[in-house]
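Input: a single structure, listed below in structure tokens.
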Amino acid sequence: ETGVTQTPRHLVMGMTNKKSLKCEQHLGHNAMYWYKQSAKKPLELMFVYNFKEQTENNSVPSRFSPECPNSSHLFLHLHTLQPEDSALYLCASSQDLAEIPQGDEQFFGPGTRLTVL
Amino acid sequence: SQKIEQNSEALNIQEGKTATLTCNYTNYSPAYLQWYRQDPGRGPVFLLLIRENEKEKRKERLKVTFDTTLKQSLFHITASQPADSATYLCALGITGKLIFGQGTELSVKP
């Protein structure tokens with residue numbers, strides 16, 4: 001157990017559905033991340049939150065909408081997705097985003113395997 | 001263009017041998033580099049961090065080197081075991097963010 005949980009673990013949705021992915025960290029960290037991992041491709045950073053404020057949106061389509069109500073919880077709201085959005089969605093946390101990066105390790109959840117039909 | 005390249009092919013080695021994985025990058029200037037292990041169906045797990053002013057780091061059977069002139073990191077697992085079989089990811093630390101390589105799949109045969 002890494003201290004980062006994600007639900008659901010698996011999700012199948014149609015292109016017209018709306019669903020949400022949930023991430024919770026029990027580590028007292030201040031920074032949280034969403035990544036997308038497609039088969040045979042590197043992890044792609046999607047969003048970064050530090051102290052509940054979004055600090056990075058890596059040109060992600062608006063059909064993905066993040067929400068960070070507090071430092072322990074992170075959501076990814078999904079609507080009108082495309083089949084190419086099928087992937088493993090990983091949440092991670094780290095201590096914080098220091099002005100002089102110390103290289104804090106990131107703790108990853110187990111991911112949500114998303115299939116868009 | 002900016003690129004991170006890890007061993008493109010899966011690496012198959014015999015138990016007890018040393019596994020060496022490479023991570024090469026172009027047009028990046030990372031402040032640090034991290035290595036992660038990922039098992040099927042699970043999230044990556046942090047293994048080691050090495051900073052730009054460090055040449056080598058060790059942790060138990062693991063060793064990482066970082067050559068900012070060659071723009072390369074090498075990751076070694078000595079006395080490899082079947083339990084070391086996994087995908088290994090390198091990640092460059094750029095302005096507080098991690099940029100990941102595509103990973104190298106390592107298989108250690110008994």
Side-chain angles (χ1 to χ4, degrees), chain A residues 1-7 9-10 21 23 25 27 29-51 54-59 87-114, chain B residues 1-10 21-26 28-54 57 59 62 64 66 68 73 86-105:
Chain A
E1 288 295 329
T2 62
V4 180
T5 58
Q6 290 187 244
T7 54
R9 293 293 311 276
H10 300 271
L21 310 185
C23 175
Q25 58 98 357
L27 301 168
H29 290 165
N30 297 308
M32 296 187 78
Y33 313 79
W34 279 116
Y35 289 90
K36 176 184 178 181
Q37 188 174 33
S38 304
K40 304 298 183 186
K41 293 177 74 174
L43 270 75
E44 298 172 46
L45 180 64
M46 299 174 72
F47 300 104
V48 181
Y49 278 81
N50 197 34
F51 292 97
Q54 187 180 123
T55 60
E56 183 88 18
N57 175 340
N58 209 22
S59 303
L88 182 67
Y89 287 84
L90 290 160
C91 172
S93 71
S94 66
Q95 188 59 54
D96 57 43
L97 297 177
E99 281 193 18
I100 301 174
Q102 297 301 304
D104 289 337
E105 65 182 277
Q106 293 187 13
F107 292 77
F108 285 83
T112 295
R113 173 68 62 187
L114 174 67
Chain B
S1 63
Q2 295 175 314
K3 276 194 307 186
I4 305 173
E5 290 184 337
Q6 298 189 239
N7 306 59
S8 56
E9 301 292 328
L21 286 65
T22 62
C23 177
N24 296 299
Y25 57 92
T26 53
Y28 283 113
S29 296
Y32 55 87
L33 191 147
Q34 297 183 358
W35 283 87
Y36 287 78
R37 168 184 173 142
Q38 187 173 21
D39 291 284
R42 306 186 75 166
V45 175
F46 173 81
L47 296 174
L48 279 169
L49 159 75
I50 187 165
R51 294 193 170 84
E52 60 179 334
N53 60 345
E54 298 173 318
K57 270 281 187 70
K59 179 182 174 183
L62 308 180
V64 174
F66 192 10
T68 55
S73 175
T87 296
Y88 291 84
L89 311 175
C90 73
L92 307 185
I94 310 286
T95 59
K97 297 181 300 184
L98 290 180
I99 312 295
F100 282 85
Q102 83 277 17
T104 296
E105 188 176 340

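Proteins get letters first, then strands, A, B, ... in listed order; numbering begins at 1 in each.
- Contact annotation for A/E56: only side-chain heavy atoms (C-beta onward) come within less than 4.5 Å of a heavy atom of chain B.
- Residues A/P42 and B/Q102 have side chains in contact (heavy-atom distance under 4.5 Å, counting atoms from C-beta outward).
- Using a 4.5 Å cut-off between heavy atoms, A/F107 makes no contact with chain B at all.
- Minimum interatomic distance between A/L90 and B/P44 (heavy atoms only, all atoms of both residues): CD1-CD, 3.9 Å.
- Taken from CZ in B/F100 to OH in A/Y35, the straight-line distance is 4.5 Å, to the nearest 0.5 Å.
- Under a cut-off of 6.0 angstrom, the local environment of CD in A/E105 is crowded, with over 12 non-hydrogen atoms contributed by other residues, nucleotides or ligands.
- For B/Q38, the part lying near chain A is the side chain, with the backbone staying farther off; criterion is any non-hydrogen pair under 4.5 Å.
- Both the backbone and the side chain of B/L98 come within contact range of chain A, judged by heavy atoms closer than 4.5 Å.
- The part of A/L88 that comes within reach of chain B is its side chain, from C-beta onward, which places non-hydrogen atoms under 4.5 angstrom from that chain.
- Residue B/L49 holds its CG atom at 9.0 Å from CG of A/D104, rounded to the nearest 0.5 Å.
- For the options A/E44, A/R9, A/Q37, heavy-atom pairs under 4.5 Å to chain B are most numerous at A/Q37.
- Looking only at distances, no side-chain donor or acceptor of A/Y33 sits under 3.5 Å from a matching main-chain atom of B/K97.
- Summarising the local packing, CD of B/E9 is surrounded by 12 or fewer heavy atoms from other residues, nucleotides or ligands at distances under 6.0 Å.
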